[in-house]
Amino acid sequence: MGNELTVAVLGPGGVGGLLAALLSRAGHRVICLSGEETARTLRTDGVRVRSAHFGDFTAPVEADTLLREPVDACLVTVKHTALDAALARVPAPVPADGLLVPLLNGVEHPATLRARYRPGLVAPGVIRVESTRLAPGVIAHGSPFAEIDLTGTTVPRARLDTLAEALTAAGPVTRVQDDETATLWAKMSFLAPFALLTTARALPLGEIRTRHRDELTALVEETAAISRACGGPADPAQALARYDAFPPSTKSSMQRDAEAGRPLELDAIGGALLRAAERHGVPAPVTARVVGELEREHSFA
């Protein structure tokens, strides 16, 4: 990879659209992959970003419904519920020696992608950002930060470093982490209790951490035990302290999906958590109960 990269973005929504625009503004060639209607809008209008942190700007991008050429990296930024359908836009041979970088919630998707594409080039990442697609090609970035951890046990370190440098120069502070399992479980350990309980109780985080403190604590402790069994980090006190530091009105993306009647990433988060618990013989009764409630309430999940 040279100084200027060619980067495909599969799913130019809140996260993907922001990254596409930032990379384009930094001088990289960006190809957004989406449905025809969105692609037409992006080709004509580019991606418009509203951000107190990065500024308000419009960046030109290319757009297509299918990846038709090799790229240096393909960022996979769809929701887990749309992953199978979206991957049809990235035919298996096309990334060639380009990295495939999923920025998805959960811990099971890297194995899915390695079974489909060249396993040594799948470089999972986690992103910490609040960014929303208001309309095709219109992105509102709300958080005063955007941070990415890149990893990939089988990926050459130099490839990860090059992509991380490009992303950091474009805006999101990006670090390369050596331990893929720890990186993915660090995100999962924080996300799962927050997403599951705010959605199940239909309350913002402030009310969860006061009115449902015991339930939140139990979920955090179960998740930490599962993470530890899988080789990930386990610090329940730190997770609770992070929740306590968030604004009381904070909602999870799963909760917003439920409010909007969209499919939930329940299997990728709650399902994956319970499967890991079962594999390692870790009791998770509170998690199982909350996930069961959500499955009954959201039968499309």
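Here, residue 1 is the first one in the sequence, and each next residue gets the next number.
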Please identify which of these residues, L18, L103, V101, meets the side-chain contact (heavy atoms from CB on, under 4.5 Å) condition with T77. L103
In the structure I gave you, are the side-chain heavy atoms of E215 and V286 within less than 4.5 Å of one another anywhere? yes
Work out which heavy atom in P110 is nearest to a heavy atom in E180; give both atom names and the distance. CB-OE2, 3.9 Å
Is E265 reaching over with its side chain to a backbone N or O of H80, donor-acceptor style, under 3.5 angstrom? yes
State which residue, out of E297, E207, E293, fulfils the salt bridge (Lys or Arg N to Asp or Glu O under 4.0 Å) condition with R201. E293
Any donor-acceptor N/O pair, S189 side chain to A186 backbone, under 3.5 Å: no
Could you pull out the closest heavy-atom pair between W185 and S227, with the gap in Å? CB-OG, 3.5 Å
Can you tell me how far the CD atom of E147 sits from the CZ atom of R175, to the nearest 0.5 Å? 5.0 Å
V49 and R25, any side-chain heavy atoms less than 4.5 Å apart: no
Hey, mind stepping through V122 and V155 against side-chain contact (heavy atoms from CB on, under 4.5 Å) and telling me if it holds? CA-CA 7 Å; V122 174; V155 180; 5.8 Å; no
Test of understanding: clusters of I, L, V, M, F, W, Y form through side-chain heavy atoms closer than 4.5 Å, transitively. Do V129 and L19 belong to the same one? yes
Should we count CG of D56 as having more than 12 external heavy atoms under 6.0 Å? yes
When rounded to the nearest 0.5 Å, the distance separating OG1 of T210 from CG of D244 is 10.0 Å
Reported CD-to-CZ distance for the pair E62 and R29, which is rounded to 0.5 angstrom: 4.0 Å
Check whether any side-chain heavy atom of R116 sits under 4.5 Å from a side-chain heavy atom of L113, and report yes or no. no
Main chain of T112, side chain of Y117: is a donor-acceptor contact present, judged purely on distance under 3.5 Å? no
Nearest 0.5 Å please: distance from the CD1 atom of I208 over to the CG atom of L219. 9.5 Å
Any non-hydrogen side-chain atom of L196 less than 4.5 Å from a side-chain atom of L266? yes
Does D149 come within less than 4.0 Å of R128, counting only side-chain N to carboxylate O? yes
Smallest heavy-atom separation, L160 atom then A123 atom, equals CD2-CB, 3.6 Å
Scan V71, V61, T6 and name whichever one has a side-chain contact (heavy atoms from CB on, under 4.5 Å) with V30. V61
Closest approach of L264 to T81 (non-hydrogen atoms, all atoms of both residues): O-CG2, 3.2 Å
Could you check whether any side-chain N or O of T199 sits under 3.5 Å from a backbone N or O of A195, counting only pairs where one atom can act as donor and the other as acceptor? yes
Look at E108 together with R275 and state whether they make a salt bridge at an N to O cut-off of under 4.0 Å. yes
Please report the C-alpha distance between M254 and T198 in whole Å, then the side-chain angles of each, then the deciding distance to 0.1 Å, and finally whether the side-chain contact (heavy atoms from CB on, under 4.5 Å) criterion is met. CA-CA 8 Å; M254 184 187 285; T198 53; over 6 Å; no
D178 bridged to R157 by N-O distance under 4.0 Å: yes
Heavy-atom closest pair, residues G11 and V78: CA-CG1, 3.7 Å
Evaluate the criterion side-chain contact (heavy atoms from CB on, under 4.5 Å) for residue pair V90 and C74; output intermediate values, then yes/no. CA-CA 9 Å; V90 184; C74 178; 4.2 Å; yes
Look at the side chain of T154 and the backbone N and O of P119, then say whether any donor-acceptor pair between them is shorter than 3.5 Å. yes
When you compare the side chain of I127 with that of P172, does any pair of heavy atoms fall below 4.5 Å? no
Are the side chains of P12 and R133 in contact, using a 4.5 Å heavy-atom criterion? no
Point-to-point distance, once rounded to the nearest 0.5 Å, from CG of L167 to CG of L150: 6.5 Å
R50 CZ: over 12 foreign heavy atoms closer than 6.0 Å: no
Any heavy-atom pair between the side chains of P124 and T183 that's under 4.5 Å? no
If only atom types and distance count, is the side chain of T132 paired as donor or acceptor with the main-chain N or O of G14 below 3.5 Å? no
Counting only heavy atoms not in E36, do more than 12 fall under 6.0 Å of its CD? yes
Could you go through the side-chain contact (heavy atoms from CB on, under 4.5 Å) check for L99 and D72 one step at a time? CA-CA 6 Å; L99 299 183; D72 293 305; over 6 Å; no
Sub-4.5 Å side-chain heavy-atom contact between R89 and D64: no
Which atom names give the shortest non-hydrogen contact between L203 and Q255, and what distance separates them? O-NE2, 3.1 Å
In this structure, NE2 of H141 is separated from CZ of F54 (nearest 0.5 Å) by 5.0 Å
For the pair F194 and F246, name the ring-plane relationship: parallel under 30°, tilted 30 to 60°, perpendicular over 60°. tilted
